[in-house]
Engineer: 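Structure provided below as structure tokens; questions to follow.
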Amino acid sequence: MQLRCGRCGARWEYRGRAEVYACCPQCRSKVKIDLEGIPLSLERWAVRVPLEVRVPDDLPGAAEAFYRGRLEPPFGPIAISTAIRHDHSNYDELVIRLEKKAAEEGADPKEVMAAYQILRERFDREICTRLWRSMACRCGRGDLDGGADPCRRRSI
């Protein structure tokens, strides 16, 4: 694939394995790899696809509507996170798109599962970030120090 550096103007045939940025061989600046028209691998697609997550105002009510008698209240952070992922985001739609894309490409099951895991982790991270701001996140920790994201803090 031909790349051109926007900083120094160098052109070269890129044969590396990077997915987003390549390093210019002349000036060492980052050059975005443009893959327009080239189909993305499943894992790459899962990393780049836009997520839509809406946190409802009534979290216990949203969980109750999702579980409809399958799980009794009170609902913990994992149950609330699951309800948001399935009823208040585009997660299910993206899983269906992933399955169709995998079938069209005849993808290896390991690649499909890796892409699914990436998608799930991205949603969980987004939901955790949004829940942390409003109450408690999926990891079960709330805002302990009033500023730092508890999921990003290291345990000592």
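Each residue takes its place number in the sequence, starting with 1. Small disclaimer: the values here were computed from a predicted structure and weren't measured. The figures that follow rest on heavy atoms only: side chains count, while hydrogens, waters and symmetry mates do not.
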Engineer: Does the side chain of Leu131 reach to within under 4.5 Å of the side chain of Ile84, using non-hydrogen atoms?
Structural biologist: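 Contact flag for Leu131/Ile84 side chains = yes.
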Engineer: I'd like to check the side chain to side chain donor-acceptor pair (under 3.5 Å) partners of Glu99; sequence neighbours left out, ordered by chain and number.
Structural biologist: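 Testing Glu99 for side chain to side chain donor-acceptor pair (under 3.5 Å), a comparison that skips the adjacent residues, returns none.
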Engineer: Return the minimal non-hydrogen interatomic distance between Leu119 and Ala46, and the atom names on each side.
Structural biologist: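 Leu119 and Ala46 have their closest heavy atoms at CD1-O, 4.1 Å.
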Engineer: State, to 0.1 Å, how close Leu3 and Lys32 come at their nearest heavy-atom pair, and which atoms those are.
Structural biologist: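 For Leu3 and Lys32, the tightest heavy-atom pair comes out as CD2-O, 4.3 Å.
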Engineer: Could you check if a side-chain atom of Tyr21 sits within less than 4.5 angstrom of a side-chain atom of Ile33, using non-hydrogen atoms only?
Structural biologist: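 Tyr21 vs Ile33: side chains apart.
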Engineer: Atom SG in Cys8, atom CD in Gln26: separation rounded to 0.5 Å?
Structural biologist: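 It is 4.5 Å, given to the nearest 0.5 Å.
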Engineer: Tell me, with the steps shown, if Glu105 and Lys101 meet side chain to side chain contact (heavy atoms under 4.5 Å, CB included).
Structural biologist: CA-CA 6 Å; Glu105 296 175 7; Lys101 189 172 174 57; 3.2 Å; yes
Engineer: Could you report the tightest heavy-atom contact between Arg4 and Gly9, atom names first, then the distance?
Structural biologist: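 So the two residues come closest at CG-O, 4.1 Å.
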Engineer: Tell me, do Asp87 and Asp92 make a side-chain contact under 4.5 Å, heavy atoms counted?
Structural biologist: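 Side chain of Asp87 against side chain of Asp92, heavy atoms only: no contact under 4.5 Å found.
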Engineer: Linking I/L/V/M/F/W/Y whenever any side-chain heavy atoms sit under 4.5 Å apart, do Met113 and Ile118 land together?
Structural biologist: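 No, separate clusters.
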Engineer: Is there a side chain to side chain contact (heavy atoms under 4.5 Å, CB included) between His88 and Val53? Walk through the geometry before answering.
Structural biologist: CA-CA 6 Å; His88 299 278; Val53 176; over 6 Å; no
Engineer: Identify the heavy atoms of Asp124 and Ser81 that sit nearest to each other, and give their distance.
Structural biologist: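 In terms of heavy atoms, the two residues are closest at OD1-OG, 4.1 Å.
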Engineer: Flag the pair Arg125 / Glu121 as yes when at least one side-chain heavy-atom distance between them is below 4.5 Å, and no otherwise.
Structural biologist: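 Sidechains of Glu121 and Arg125: in contact.
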Engineer: For the atom pair SG (Cys5) and NZ (Lys30), what is the distance rounded to the nearest 0.5 Å?
Structural biologist: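 If we round to the nearest 0.5 Å, Cys5:SG and Lys30:NZ are 13.0 Å apart.
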Engineer: Write out all pairs satisfying side chain to side chain donor-acceptor pair (under 3.5 Å) with one or both partners inside residues 5-15, taking only residues at least two apart or from two chains.
Structural biologist: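 The answer is Gln2-Glu13.
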Engineer: What pair of heavy atoms forms the shortest contact from Cys27 to Cys24, and how long is it?
Structural biologist: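 Shortest heavy-atom contact: N-SG, 3.5 Å.
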Engineer: Verify side chain to side chain contact (heavy atoms under 4.5 Å, CB included) between Tyr116 and Leu42, making sure each step is shown before the conclusion.
Structural biologist: CA-CA 9 Å; Tyr116 172 78; Leu42 292 180; over 6 Å; no
Engineer: State, yes or no, whether a side-chain contact exists between Glu52 and Ser89 at a heavy-atom distance under 4.5 Å.
Structural biologist: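 No; the side chains remain at least 4.5 Å from each other.
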Engineer: Taking the side chain as C-beta and beyond, is there a heavy-atom pair between Glu126 and Arg122 under 4.5 Å?
Structural biologist: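 SC-SC contact between Glu126 and Arg122 ruled out.
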Engineer: How about Lys110: does its NZ atom have over 12 heavy atoms from other parts shown lying under 6.0 Å from it?
Structural biologist: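 Count not over threshold, so no.
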Engineer: I'd like a table of donor-acceptor pairs (distance under 3.5 Å, sequence neighbours excluded) in which one partner is a side-chain atom from residues 54-66, with atom names and distances.
Structural biologist:
| from | atom 1 | to | atom 2 | distance (Å) |
| --- | --- | --- | --- | --- |
| Asp58 | OD1 | Gly61 | N | 3.2 |

Engineer: Can you check whether Leu94 reaches Phe123 side chain to side chain, under 4.5 Å on heavy atoms?
Structural biologist: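 Yes - at least one pair of side-chain heavy atoms lies under 4.5 Å apart.
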Engineer: List the atom of Arg85, the atom of Tyr91, and the distance in Å for their closest heavy-atom pair.
Structural biologist: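 Closest heavy-atom pair between Arg85 and Tyr91: O-CB, 3.2 Å.
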Engineer: Taking side chain as C-beta onward, heavy atoms only, is Arg97 less than 4.5 Å from Val49?
Structural biologist: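 The answer is yes, as the side chains (C-beta and beyond) meet within the 4.5 Å cut-off.
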